Amino acid sequence: MGFKVYNTMSRCKEELIPLEEGHVRMYTCGPTVYNYAHIGNFRAYMFEDLLRRHLKFSGFQVTQVQNLTDVDDKTIRASIEQGLPLKEYTKTYIDAFFADLAKLNIEPAEHYPAATDFIPEMIALIEKLFEKGYAYQSEDGSVYYSIDKFAGYGKLARLDREGMQSGARVAQDEYDKDNAADFALWKAYVPEDGDVAWDSPWGRGRPGWHIECSAMSMKLLGESFDIHTGGVDNIFPHHEDEIAQSEASTGKPYSKYWMHCGYLVVDGKKMSKSLGNFHTLREILDMGYTGREVRYELLSAHYRQSLNFAFKSLEANRAALKRLDEFYAKIKETAAGGTEAGDLPEWAGGLRDRFGAALDDDLNISGALAALFDTVHAGNKAMAEVPISGEQAVAVSNLWNELDAVLGFLMPPEEEVSPDVAELLEARAAARAAKDWAESDRIRDALAELGWTVKDTPDGPKLRKL
RNA sequence: GGUGCGGUAGCCAAGCGGUUAGGCAGUGGAUUGCAAAUCCACCUAGAUCGGUUCGACUCCGAUCCGCACCUCCA
């Protein structure tokens, strides 16, 4: 049984069979670097991270490309407002983006092409579209794509061209186009663009939004590749237009599978700047939540489902992670006595298969987590009766590492015990030996203030980070 | 108007035509010097109305409600 993914193109789950055996090439739409990304954006990058990690877990080699959109209306406007060159302006947010990815333990992609580094490729692609008769230049100098020329236009979004109601935005934008729905490949220079412009066969200007993804994906992954992802809001127009540009220029199928994640919502509404209900990652971290807790939150609902963000769930995640950490700590303590990995204890035997099978079903993370927690429960119960051997513990620990390669939140943060904490712990042990409970409790409170819980177990006191 | 997604216990969230999903919270108990952790027990759902079926949360239809997209929002 292979890995089945829901393909937006067919609206069905299909088994993932890469064009090149054993190697999945995927293009994941990345951030527009005009501001800090909000966690709604990271929901998408988190879904892509789970996808790539599960592909690797399943034995595929992965080549992932994630673009950085560093030129568009918003970046240009903001850089001019701040009086900074475009590159300098976007650098801040590109750096912030990578810092945030690291906080969330999102694995880096193989390539992060920036749009402004691929202008020649975009121009070449537009020239090809001219040659093939899909592009035309309007009076203002801009170049448009004629959607009427491309028979497959609308196949991804399943547009009913007749039933389309022109939105307010179309009306303002219809000036020189053959068809109001035609989209820009190249935008002629306007003074508002400042010094952001490139020379092209059609005069100075800058690329349209969709062309960068077509140019960069085909350059780095080939004219046909396996998976293209993004948020559901990208289905139309962005991905539809990418297909039109790419397939018209090459005559070949573009991406084989299209995967789209649902929104992150706050109070039932899409997170957006206009509603003022968005949160950046740094803001959440400043409130004292950890990247790990946010990772768990963003990962714990199925990717095609909308995910309701709430601080209350971050609290719940903290408790759930604590349960996992408690279990793992127990395993590690036992594993310290064994060197070679032995057989898994019976209660952990089916976990890997159950976990993998759940994710094979279009990344059913809930099923995978249920398998994990069931095992923790079974393990706690079994170990309370009969301790496992060091060799078995090593086997469980290895399994945990293997699953963490997919989940990225199983490994507890390092806990370094400072000397004064260690001293307090000893003093408390002495007080307890002398049955001086008042002193013992006082020291426990002192430790709590330093951020540590102490637990008295049959094997002696154990420290845990609060 | 077109297209798509969804409504599951206090909250979050899955699978499944009949057999306990899971997490968090809550209650009672075991354990503990007291705790913590853990275990045991309890609480235990399927928007509404029809239909199919021996049997439906699961399939079909209708209705209601919520959300999103319909030209540069992940």
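All values below come from the heavy atoms of this structure, side chains included, with hydrogens, waters and symmetry mates left out. Order of the sequence lines sets the chain letters (A, B, ...), proteins ahead of strands, with each chain counted from 1. This is a predicted model, so every value here is computed, not measured.
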Find which nucleotide of RNA chain B each of A:T32 and A:V454 is nearest to by heavy atoms, and output the residue with the more 5' nucleotide. A:V454
Relative to the 5' end of RNA chain B, which residue comes earlier, A:K269 or A:A44, by the nucleotide with the nearest heavy atom?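 Counting from the 5' end, the first nearest nucleotide belongs to A:K269.
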Go through B:A36, B:G22, B:A68 for me and flag the one nearest to the A:T453 side chain. B:A36
Below 4.0 angstrom from OP1 or OP2 of [N], is there any side-chain N or O of [X]?
X      : N     : value
A:K381 : B:C40 : yes
A:K74  : B:C72 : no
A:K270 : B:C67 : no
A:H377 : B:C40 : yes
A:R318 : B:G23 : no

Using atom types as modelled, flag every donor-acceptor pair under 3.5 Å from a side chain in residues 327-334 of chain A to any protein atom, sequence neighbours excluded.
residue, atom, partner, partner atom, Å
A:K330, NZ, A:N380, OD1, 2.7
A:E333, OE1, A:K462, NZ, 3.3
A:T334, OG1, A:K330, O, 3.0

Separation of [N] [atom2] from [X] [atom1] (nearest whole Å):
X      : N     : atom1 : atom2 : result
A:L447 : B:A36 : CG    : C1'   : 13 Å
A:N41  : B:C73 : CG    : C1'   : 9 Å
A:E240 : B:G2  : CD    : P     : 19 Å
A:N7   : B:G4  : CG    : P     : 15 Å
A:E333 : B:A37 : CD    : P     : 16 Å
A:E326 : B:A37 : CD    : P     : 8 Å
A:H238 : B:C70 : NE2   : P     : 14 Å
A:F327 : B:G23 : CZ    : P     : 13 Å

Please state the [atom1] separation for the pair [N] and [M] - nearest whole angstrom.
N     : M     : atom1 : result
B:G15 : B:C59 : P     : 11 Å
B:A41 : B:U63 : P     : 46 Å
B:U8  : B:U20 : C1'   : 16 Å
B:C24 : B:G17 : C1'   : 31 Å
B:C16 : B:A37 : P     : 35 Å
B:A45 : B:A30 : P     : 28 Å

Per-nt protein contacts along nucleotides 28-33 of chain B (heavy atom under 4.0 Å; B base, S backbone sugar-phosphate only, - none) come out as -----B
side-chain hydrogen bond (donor to acceptor under 3.5 Å, both in side chains) against A:R295, all qualifying residues, sequence neighbours excluded: A:D49
Who pairs with [X] by side-chain contact (heavy atoms from CB on, under 4.5 Å), at least two apart in sequence or on another chain?
X      : result
A:V265 : A:Y263, A:S306, A:N308
A:A184 : A:Y144, A:K187
A:D70  : A:V33, A:K87, A:T90, A:A114, A:A115, A:T116

Assess the side chains of [X] and [Y]: does a donor N or O sit below 3.5 Å from an acceptor N or O?
X      : Y      : answer
A:D72  : A:T69  : no
A:Y136 : A:D182 : yes
A:T229 : A:E48  : yes
A:Q64  : A:T28  : yes
A:Y45  : A:D100 : no

Exam field: side chain [X] to backbone [Y], donor-acceptor pair closer than 3.5 Å:
X      : Y      : value
A:E293 : A:T290 : yes
A:E240 : A:G154 : yes
A:N317 : A:S313 : yes
A:Y189 : A:G194 : yes

Tell me, which of [range] have any heavy atom that sits under 4.0 Å from an atom in RNA chain B?
range                       : result
residues 287-299 of chain A : none
residues 100-110 of chain A : none
residues 259-266 of chain A : A:G262, A:Y263, A:L264

Checking all strands, does [X] fall into the base, sugar-phosphate, or nothing category for heavy-atom contacts under 4.0 angstrom?
X      : answer
A:A384 : nothing
A:K322 : sugar-phosphate
A:G40  : base
A:A370 : base
A:A157 : sugar-phosphate
A:M383 : nothing

Over-ring placement of A:K74 relative to A:Y34, 6.0 Å and 45° cut-offs: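 Yes, a cation-pi geometry.
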Does NZ or CZ of A:R304 fall inside the cone over A:Y6's six-membered ring, less than 6.0 Å from its centre and within 45° of the axis?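 Yes, A:R304 lies over the aromatic ring of A:Y6.
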Wobble G-U and Watson-Crick pairs count when both distances are under 3.5 Å; given that, what is the 5' to 3' dot-bracket string of RNA chain B, with | for pairing to other strands? (((((((..(((.....[...))).(((((.......)))))....(((((..]....))))))))))))....
Relative to the ring of A:F278, is the ring of A:H38 parallel (under 30°), tilted (30 to 60°) or perpendicular (over 60°)? tilted
SB check A:K455 A:E326 (cutoff 4.0 Å):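 So A:K455 pairs with A:E326 through a salt bridge.
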Basic-acidic side-chain contact under 4.0 Å: A:E247, A:K155: yes
So with a 6.0 Å cut-off around CD of A:E110, is the heavy-atom count from everything else above 12? yes
Every protein N/O within reach of nucleotides 10-15 of chain B N/O, cut-off under 3.5 Å:
residue, atom, partner, partner atom, Å
B:A13, O2', A:S366, OG, 3.0
B:A14, OP1, A:H302, N, 3.2
B:A14, O5', A:S366, OG, 3.4
B:A14, O2', A:N364, ND2, 3.3

Once hydrogens and angles are ignored, does a donor-acceptor distance under 3.5 Å link the base of B:C72 to the side chain of A:K187? yes
According to the side chain to side chain donor-acceptor pair (under 3.5 Å) rule, which pairs have a member within residues 368-378 of chain A, sequence neighbours left out?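 Sorted pair list: A:R354-A:D374.
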